[in-house]
Undergrad: 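Please find one structure pasted underneath; my questions will follow.
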Amino acid sequence: MTEIERHKYDVVVIGAGGAGLRAVIEARERGFSVAVVCKSLFGKAHTVMAEGGCAASMGNANEKDNWQTHFMDTMRGGKFLNNWRMAELHAREAPDRVWELETYGALFDRTPDGKISQRNFGGHTYPRLAHVGDRTGLELIRTMQQKIVSLQQEDFKETGDYEARIKVFAECTITELLKDDGASGATGDGQSCVSGAFGYWRESGRFVLFESPAVVLATGGIGKSFKVTSNSWEYTGDGHALALRAGANLINMEFIQFHPTGMVWPPSVKGILVTEGVRGDGGVLKNSEGKRFMFDYIPPVFKGQYAETEEEADAWLKDNNSSRRTPDLLPRDEVARAINSEVKEGRGSPHGGVYLDIASRLPTEEILRRLPSMHHQFLELADVDITKEPMEVGPTCHYVMGGIEVDPDTGSSTVPGLFAAGECSGGMHGSNRLGGNSLSDLLVFGRRAGLGAASYIESLPARPSIADADVDAAAKFALSPFDPPSQGVGENPYTLHTDLQQNMNDLVGIIRKPDEVEQALVKLDEIRERMKQMTVEGHRQFNPGWHLAVDMRNMLVVSECVAKAALLRTESRGGHTRDDHPAMDSNWRNTLLVCTADRSTGDALVPGVTVVEKEQIPMREELLDLFDIGELEKYYTERELTGHSSRKD
Ligand code: FAD
């Protein structure tokens, strides 16, 4: 039996971004003890990088806004493939979650009459993003951390120990979820269930075990599987892979959001995000001929909803009741594809992007007030002053719509005791997420997952147990990259990672061709084989090569999910564009592709992946009735529309 540091908690939350922290607060408010584990420093998660804002229909900037409009915009953005119940809960609850943040101490920008200010963003009918300049995520994390400290102070008063109910384990990576096989009778019906999580301290390399009947995954996305990405080193798909290996389903993995505006120059910063807030505040996209090309790319499903001339688009910026919105703010998938086409047709900028111009649209002081981080980012990294010259931008892998399949109301996965929230969960955003809908998603579903975990624990007749053999196996798996391969040449994890990223970028990127996706799958198989020879040098202390070797297993398995699902879906929808099937196909709208682990084709560490089709539950009739039948006909099959009120009359 391996000697290991052990901890016992009611709930373990893996991930300290917005979703994780909101789950921690909720589980603790229900009286449970919570460990929050994160592989980076506490406070350094993707949420902190969020710039533009948090979508909630508070109606402060336009009183016509309401949850129904937000719901409809979200469904349109996701091309009606969203889990409609999640989209409903999200739209209904987001305003309360934002107001609640103010009670934790958040300081949002204000309108002249003192309300929370809301800005325009792609796909949102009204100005809807509550924001703090272009540093909204920082405020979200700051206030939730502050709330956690206040809860710890309450616990201190009661118990004399600040960490009696919430303890942070920072720079600690979870590598394995542990399960009870059902023999302990924890769930009362003999089902196997989650019993804890196993990981290592990044600094010392020493192992740590959390015994816990409920685990909430809030580990974020998978962007580091792609070469050009706005995501940082943590986004290696750990939660996705941990859930898959524990027996949960992943859905929608073919849908990857390529944000239209990442930096394209210099090469060292390629992919870093340029917030959509630039376009929300009046910035426009132009090609090398100086043309505002987005007017040429309004797709049939959005015809009539967007301005058709520059004059109308500019009038909308001043008064969004009198005109239609600018096509510069079409949903992200549309804008990314448009930029891709302009560059391909030779109308790109010198470094392979297009131009984003705010300089000629707003006075210098306004740009500096509204977009301070963008100004700083371009000046420092590209020597470009955005108050004087346009930015060069192009698509960058930004967000994964796919993730762990969860029950919308409780965040529970298909594995008892395993919950998920935030970017690592799937369903809410369908085939394409609207900007600003992630921060609100984290708050709404982080809270629900915390509540779901609490209710689950209350329902358990006994605590699940952990078998020593499983702990030993987890330790052995984690250490395997230190064992020199018995034959052949040792493979370096950095080389393998570069090859994986190049493969995904080139062959499963923004436009997908079936023969290229097949090639990608062959290459993934080769990388899988080479990973058996993966070797790291040195010791367990401060060893980033080892950390990457462990993460590589997760990136490989999620990449396989993306590629396999992309090959199966023979249509183009949201974040999945097939060169050979360029149109949306109504017969695919209601079909989810569900990925599960297939042990017969892989091994315990990196299982193979099986993908099967599954139908979604039809939308409740009163929600369906919110949409005009003419709009639904663009997405739905005739058979599905028989429930719409206009067809019953
Ligand atoms: P994260 O905030 O990424 O947190 C993940 C946590 O999991 C981290 O603490 C990490 O250390 C931990 N973790 C991961 N793996 C492990 C492991 N194995 N063991 C232990 N811990 C682990 N969305 C908006 O709505 N509005 C915006 O304006 C916006 N701007 C963005 C700007 C940028 C540059 C980026 C990259 C994203 C932006 N997004 C925005 C998207 C949004 O920020 C993310 O989708 C969201 O923050 C994800 O939150 P999360 O809580 O799911 O994960």
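Here the structure is a predicted model, which means the values were calculated and not measured. All ligand and atom numbering here is 1-based and tracks the order in the structure.
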Undergrad: Hey, which atoms in ligand 1 end up nearer than 4.0 Å to a heavy atom of G422?
TA: 52 (O)
Undergrad: Before accepting this row, confirm whether a basic side-chain N of the pair K476/E176 lies closer than 4.0 Å to the acidic partner's carboxylate O.
TA: no
Undergrad: Using a heavy-atom cut-off of under 4.0 Å, does the side chain or the backbone of Q257 touch ligand 1, or both, or neither?
TA: neither
Undergrad: Show me which atoms of ligand 1 lie under 4.0 Å from any heavy atom of D238.
TA: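 What qualifies from ligand 1 is 15 (N), 16 (C), 17 (C), 18 (N).
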Undergrad: Between ligand 1 and K44, is the shortest N or O to N or O distance under 3.5 Å?
TA: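 No, there is no polar N/O contact under 3.5 Å.
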Undergrad: Which heavy atom of the protein is the closest neighbour of atom 51 (O) of ligand 1, given with residue, atom name and distance?
TA: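 Protein heavy atom at minimum distance: A19 N, 3.0 Å.
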Undergrad: Would you say the side-chain atoms of N554 pair up with the backbone N or O of A241, donor to acceptor, closer than 3.5 Å?
TA: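 It does not hold such a pair.
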Undergrad: At a 4.0 Å cut-off, with the gap strictly under it, does some heavy atom of G199 reach an atom of ligand 1?
TA: no
Undergrad: Could you check whether R370 pairs with D281 (Lys NZ or Arg NE/NH1/NH2 to Asp/Glu carboxylate O, under 4.0 Å)?
TA: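 Yes, charged N to carboxylate O under 4.0 Å.
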Undergrad: Does ligand 1 have any atom sitting under 4.0 Å from a heavy atom of G435?
TA: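 Outside the 4.0 Å threshold, so no.
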Undergrad: Measure the shortest side-chain to side-chain distance between H259 and E276 over non-hydrogen atoms and say whether it is less than 4.5 angstrom.
TA: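 Yes, at least one pair of side-chain atoms sits under 4.5 Å.
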Undergrad: Answer yes when E203 and R540 have at least one side-chain N-carboxylate O distance shorter than 4.0 Å, and no when they do not.
TA: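 Answer for the salt bridge query: no.
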Undergrad: Taking the six-membered ring of F169, is the NZ or CZ of K167 close enough (under 6.0 Å from the centre) and on axis enough (within 45°)?
TA: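 Output yes; distance and angle both within limits.
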Undergrad: Are the side chain of S425 and the backbone N or O of G403 linked by a donor-acceptor pair below 3.5 Å?
TA: no
Undergrad: Counting non-hydrogen protein atoms only, what is the nearest one to atom 48 (C) of ligand 1? Give residue, atom name and distance.
TA: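 Nearest protein contact, heavy atoms only, for atom 48 (C) of ligand 1 is Y235 OH, 3.3 Å.
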Undergrad: Counting heavy atoms only, which part of L442 comes closer than 4.0 Å to ligand 1: side chain, backbone, both or neither?
TA: side chain
Undergrad: Would you call A218 a ligand 1 contact, heavy-atom distance under 4.0 Å?
TA: yes
Undergrad: Quick check: does any side chain N or O of H429 sit under 3.5 Å from a backbone N or O of S438, one acting as donor and the other as acceptor?
TA: no
Undergrad: Y399 to ligand 1: N or O pair under 3.5 Å?
TA: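 By distance alone, the answer is no.
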Undergrad: Measuring from non-hydrogen atoms of C54 to any atom of ligand 1, is the shortest distance under 4.0 Å?
TA: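 Checking ligand 1 against C54, which is what was asked, there is no heavy-atom contact under 4.0 Å.
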Undergrad: Applying the side-chain hydrogen bond (donor to acceptor under 3.5 Å, both in side chains) criterion to N432, which one of Q257, R76, H576 satisfies it?
TA: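 When Q257, R76, H576 are each tested with N432, the side-chain hydrogen bond (donor to acceptor under 3.5 Å, both in side chains) holds only for Q257.
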Undergrad: Should the ring pair F226 and F258 be called parallel, tilted or perpendicular, given that the plane angle runs from 0 to 90° and is split at 30 and 60?
TA: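 Rings of F226 and F258: perpendicular, as their planes differ by over 60°.
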Undergrad: Got an N/O contact under 3.5 Å between T47 and ligand 1?
TA: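 So ligand 1 has an N or O lying under 3.5 Å from an N or O of T47.
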Undergrad: What residue and atom, counting heavy atoms only, is the protein's closest point to atom 21 (N) of ligand 1, and at what distance?
TA: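 Of every protein heavy atom, K39 N, 3.1 Å lies nearest to atom 21 (N) of ligand 1.
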Undergrad: Ring of F445, cation from R22 - is the NZ or CZ under 6.0 Å from the centre and inside 45° of the axis?
TA: no
Undergrad: Can you tell me if E276 contacts ligand 1 (heavy atom of the residue under 4.0 Å from the ligand)?
TA: no
Undergrad: When you look for heavy atoms under 4.0 Å from ligand 1, do you find them on the side chain of I174, its backbone, both, or neither?
TA: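 Answer for I174: both.
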Undergrad: Both conditions, 6.0 Å and 45 degrees, for the charged tip of R206 above the ring of W201: are they met here?
TA: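 Judged by the rule, R206 and W201 form no cation-pi pair.
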Undergrad: At less than 4.0 angstrom from any non-hydrogen atom of N437, what atoms of ligand 1 do you find?
TA: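 Answer, ordered by atom number: 25 (O).
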Undergrad: Considering heavy atoms of the protein only, find what lies nearest to atom 31 (C) of ligand 1 and give residue, atom and distance to 0.1 Å.
TA: A50 CA, 3.4 Å
Undergrad: Please identify which atoms of ligand 1 are closer than 4.0 Å to at least one heavy atom of E423.
TA: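 Those of ligand 1 that fall under 4.0 Å from E423 are 44 (C), 45 (O), 48 (C), 52 (O).
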Undergrad: Mark up the atoms of ligand 1 that fall under 4.0 Å of a heavy atom belonging to S230, in ascending order.
TA: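 Listed by number with element: 36 (C).
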Undergrad: Check each heavy atom of S438 against ligand 1 and say whether those closer than 4.0 Å belong to the side chain, the backbone, both or neither.
TA: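 Both parts.
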Undergrad: Is there a donor-acceptor pair under 3.5 Å between the side chain of T219 and the backbone N or O of G239?
TA: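 Yes: the side chain of T219 pairs with the backbone of G239.
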Undergrad: Would N231 count as a polar contact of ligand 1, with the cut-off being nitrogen or oxygen pairs under 3.5 Å?
TA: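 N/O-N/O distance under 3.5 Å: no.
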Undergrad: Just to be sure I read this right, does ligand 1 sit under 4.0 Å from the backbone of A55, its side chain, both, or neither, counting only heavy atoms?
TA: neither
Undergrad: Please write down residue, atom name and distance for the protein heavy atom closest to atom 8 (C) of ligand 1.
TA: E234 OE2, 3.7 Å
Undergrad: R128 and side-chain hydrogen bond (donor to acceptor under 3.5 Å, both in side chains): which partner among N62, D65, N60?
TA: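 Going through N62, D65, N60 one by one, the side-chain hydrogen bond (donor to acceptor under 3.5 Å, both in side chains) with R128 is satisfied by D65 alone.
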Undergrad: What are the two closest non-hydrogen atoms of S373 and D134, and how far apart are they?
TA: OG-OD1, 2.9 Å
Undergrad: Is any N or O atom of A16, backbone or side chain, closer than 3.5 Å to an N or O atom of ligand 1?
TA: yes
Undergrad: For ligand 1, which atoms have a heavy atom of C172 less than 4.0 angstrom away?
TA: 19 (N), 20 (C)
Undergrad: If I apply the N/O under 3.5 Å rule, does L439 come out as touching ligand 1?
TA: yes
Undergrad: Any sub-3.5 Å donor-acceptor pair from T229's side-chain atoms to C397's backbone N or O?
TA: yes
Undergrad: Mark up the atoms of ligand 1 that fall under 4.0 Å of a heavy atom belonging to A45, in ascending order.
TA: 1 (P), 2 (O), 4 (O), 8 (C), 9 (O)
Undergrad: Could you tell me whether G53 and ligand 1 have an N or O pair separated by under 3.5 Å?
TA: yes
Undergrad: Using a 4.0 Å heavy-atom cut-off, say whether T175 meets ligand 1 through its side chain, its backbone, both or neither.
TA: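 None of T175 does.
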Undergrad: Which of the listed options, I14, N554, L273, V12, holds the heavy atom that is closest to atom 32 (C) of ligand 1?
TA: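 Closest candidate by heavy-atom distance is L273.
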Undergrad: Under a 3.5 Å cutoff, is there a donor and acceptor pairing between the side chains of H497 and D551?
TA: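 Checked: H497/D551 side chains show no N/O donor-acceptor pair below 3.5 Å.
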Undergrad: Check for a donor-acceptor pair, side chain of N252 on one end and backbone N or O of M401 on the other, with a separation under 3.5 Å.
TA: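 It does not hold such a pair.
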Undergrad: Using distance alone, with no hydrogens and no angle criterion, decide if D73 and T125 have a side-chain donor and acceptor under 3.5 Å apart.
TA: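 Yes, a side-chain donor-acceptor pair sits under 3.5 Å.
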Undergrad: Run the contact test for H398 against ligand 1 with a 4.0 Å cut-off on heavy atoms, strictly below, and give the result.
TA: yes
Undergrad: Any N or O on S440 sitting closer than 3.5 Å to an N or O of ligand 1?
TA: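 The answer is no, given that S440 and ligand 1 share no N or O pair closer than 3.5 Å.
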Undergrad: Between the side chains of S230 and H398, is a donor N or O closer than 3.5 angstrom to an acceptor N or O?
TA: yes
Undergrad: Heavy atom of F42 under 4.0 Å from ligand 1?
TA: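 The answer is no: ligand 1 sits nowhere under 4.0 Å from a heavy atom of F42.
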Undergrad: Using a strict 4.0 Å cut-off to heavy atoms of T173, name the atoms of ligand 1 that fall inside it.
TA: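 Every atom of ligand 1 under 4.0 Å from some heavy atom of T173: 18 (N), 19 (N).
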